Amino acid sequence: NIILKGHISFPVQTTENPSPSTIKSPNACVVPIGGGKDSIVSLEALKQAGRPLRMIAVNPGRPIKDVMSVADVKGSILITRNIDKALFELNEKGAMNGHVPITGILSFIMACGAILYGYDSVVMSNEGSASEGNMEFGGIDVNHQYSKSLEFELDFEGFIKNHVLANFSYFSFLRPLSETGIACLFSSQDKYFEHFKSCNRNFHIDEGVRQYGWCCDCPKCRFVFLALAPFIDKDKLVTIFGKNMLNDPAQEQGFRELTGLLGHKPFECVGEIEECQYIIKCLSTMPQWKDDHIVGALATELEIPALSQAALKNQALKLKYQHNIPEDYREDLNAFIRSCQ
């Protein structure tokens, strides 16, 4: 309940307006790897297209290294980032501590790394729904994923092109897709099933409290389990996570938040409320899922059509969001989608 207007100011202390370099790097890209399903889909699509590429990561933890180890891509750029100890001292003294726009921070670091190693493109894996806000407060559309949004993407690429390197591209390869579509594409990449991780407890800033695996009690775990449920065999999915989250009554409140039946969209990197609703309704038509507690409790409250698994897949794989993808890369994405249908 903090009114942010008047709290934050970024004073400009210079009038310099540097011109960008016109150096041309080889026509190759770096693909940031985050350990989750999204960057895996981008990586495999670009590999299928025969794109010269290199994986890149900042402070890669175990999940990221595990994904890289099975990706069958030669070489990677690994960058170490150290956080100023003064930040923690300020927090201890009572300074407000909120969400860090980590994707924005990492984008600057990885753009620098890409340029230093002779690459002209940073290919992100942010989905279309990252542009959707979590809630409106004080007249502001609050988006926990702002630095994953298309608005940030266009501003960032424009800044680099106008002031750093004119021949540079920064875009999200998966921007036209929903999270459901990405989950559908990922479901064909079974070699990664035991390695990918999206639960934020794997990436805690304090290494001493990191937990490897899936905690099965947070918005990220709930959403990823839900998004994959229509497309991966039930027994296999339960094996990946270690439990059936859709049959756990203790998770009902969390799934209600994801589907817009309670509170607001969680402050986590999760999909849109509408797509979560359609997944629940779809699962209510699937014999292996329809009797699970969460599906049964929520599906009857959602007044939307219940799509079949095939209809949900067809809807999810449509390119429906605005994007910033160069035309040749767009063809790579279309080809990968066709290969997974």
Side-chain angles (χ1 to χ4, degrees), residues 34 36-38 99 126-137 141-146 148-149 174 177-187 196-202 214-232 234 237-238 240-286 288-307 309 312-313 315-316 320-321:
K37 66 185 186 325
D38 300 359
H99 172 69
N126 302 319
E127 71 289 345
S129 53
S131 297
E132 180 190 65
N134 298 74
M135 64 184 296
E136 185 175 314
F137 182 78
D141 182 34
V142 181
N143 183 5
H144 155 269
Q145 300 189 79
Y146 177 74
K148 289 186 176 182
S149 69
L174 305 180
L177 287 165
S178 66
E179 280 274 23
T180 312
I182 296 168
C184 181
L185 295 175
F186 175 76
S187 67
F196 87 108
K197 299 292 182 295
S198 295
C199 177
N200 284 338
R201 297 188 186 187
N202 292 270
W214 300 91
C215 78
C216 295
D217 191 26
C218 74
K220 285 294 290 289
C221 285
R222 292 183 199 106
F223 175 71
V224 177
F225 190 98
L226 179 65
L228 293 174
F231 309 115
I232 293 181
K234 184 175 184 177
L237 188 60
V238 172
I240 292 170
F241 281 79
K243 69 181 295 185
N244 179 3
M245 297 186 68
L246 287 172
N247 203 30
D248 179 4
Q251 302 300 320
E252 183 174 332
Q253 177 174 325
F255 279 105
R256 285 184 174 278
E257 291 175 351
L258 286 175
T259 52
L261 295 173
L262 180 70
H264 60 79
K265 180 180 173 182
F267 286 110
E268 287 283 3
C269 298
V270 297
E272 294 176 328
I273 286 172
E274 183 181 48
E275 64 180 315
C276 291
Q277 292 179 346
Y278 273 102
I279 294 172
I280 287 287
K281 290 291 280 192
C282 174
L283 295 178
S284 71
T285 71
M286 301 176 69
Q288 65 268 43
W289 294 108
K290 67 182 180 66
D291 295 325
D292 284 358
H293 175 83
I294 303 298
V295 177
L298 274 58
T300 55
E301 297 182 35
L302 299 173
E303 298 179 356
I304 56 173
L307 301 178
Q309 192 262 10
L312 179 71
K313 180 177 180 179
Q315 175 178 284
K320 66 175 187 174
Y321 297 93

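Side chains included, hydrogens not; waters and symmetry mates left out as well; all remaining heavy atoms used. Computed from a prediction, not measured in an experiment: that's the story for all the values here.
Scanning all heavy atoms of the two residues, the minimum distance from Ile240 to Phe196 falls at CG2-CE2, 4.0 Å. Residues Asn247 and Asp291 come closest through the heavy atom pair OD1-O, 4.5 Å. The shortest heavy-atom contact between Ser149 and Asn143 is CB-ND2, 4.2 Å. In terms of heavy-atom proximity, Ala306 sits nearest to Thr285 at CB-CG2, 3.7 Å. Taking all atoms of both residues into account, the shortest heavy-atom contact from Ile304 to Tyr278 is CD1-N, 3.7 Å. The minimum heavy-atom distance linking Leu246 with Ala229 is given by the pair CD1-CB, 4.1 Å.
Rounding to the nearest 0.5 Å gives a distance of 5.5 Å between CD1 of Ile279 and CZ of Phe223. Going from atom CD of Gln309 over to atom CE of Met286 covers 5.0 Å, rounded to the nearest 0.5 Å. Here the CZ atom belonging to Arg256 is positioned 14.0 Å from the SG atom belonging to Cys276, to the nearest 0.5 angstrom. Going from atom OG of Ser129 over to atom CD1 of Ile273 covers 11.5 Å, rounded to the nearest 0.5 Å. Here Asn244 contributes atom CG and Cys216 contributes atom SG; the two are 9.5 Å apart, rounded to the nearest 0.5 Å. We find the CD1-SG distance between Ile232 and Cys184 to be 10.0 Å, quoted to the nearest 0.5 Å.
Within the structure, side-chain hydrogen bond (donor to acceptor under 3.5 Å, both in side chains) contacts touching residues 257-266 (residues at least two apart or in different chains) are Glu132-Lys265.
Heavy-atom neighbours of Gln253 CD from other residues, nucleotides or ligands within 6.0 Å: at or below the threshold of 12. Heavy-atom contacts from other residues, nucleotides or ligands closer than 6.0 Å to CD of Glu274 number 12 or fewer.
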Task: Test side-chain contact (heavy atoms from CB on, under 4.5 Å) applied to Thr180 and Phe231, step by step - done: CA-CA 10 Å; Thr180 312; Phe231 309 115; 3.9 Å; yes
Open item on the list: Could you walk me through whether Leu283 and Ile294 satisfy the side-chain contact (heavy atoms from CB on, under 4.5 Å) test, starting with their C-alpha distance in whole Å, then the side-chain angles of each, then the deciding distance to 0.1 Å, before giving a yes or no?
Closed with: CA-CA 10 Å; Leu283 295 178; Ile294 303 298; over 6 Å; no
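Side chains of Glu127 and Glu272 form no contact here, defined as non-hydrogen atoms less than 4.5 Å apart. At least one side-chain heavy atom of Arg222 sits less than 4.5 Å from a side-chain heavy atom of Asp217. Under the 4.5 Å side-chain criterion, counting only non-hydrogen atoms from C-beta, Gln277 is not in contact with Leu298. For the pair Lys220/Cys269, a side-chain contact is recorded, criterion being any heavy-atom separation below 4.5 Å from C-beta on. The shortest side-chain heavy-atom distance between Cys218 and Glu268 does not fall under the 4.5 Å cut-off. Asn134 is not listed as a side-chain neighbour of Pro266, based on a closest heavy-atom distance of 4.5 Å or more. In this structure the side chain of Leu185 reaches within 4.5 angstrom of the side chain of Leu177, judged on heavy atoms. No side-chain heavy atom of Lys243 sits under 4.5 Å from any side-chain heavy atom of Trp214.
A salt bridge is defined here as a Lys NZ or Arg NE, NH1 or NH2 lying under 4.0 Å from an Asp or Glu carboxylate O, and Glu179 with Lys37 meets this definition. The existence of a salt bridge linking Lys234 and Asp292 is confirmed by a sub-4.0 Å separation between a basic side-chain nitrogen and an acidic carboxylate oxygen.
A donor-acceptor pair is defined here as one N or O able to donate and one able to accept, closer than 3.5 Å; no such pair exists between the side chain of Lys148 and the backbone of Asn126.
For Phe225, the ring-ring contact (aromatic ring centres under 6.0 Å, His included) partners are Phe241, Trp289, not counting sequence neighbours.
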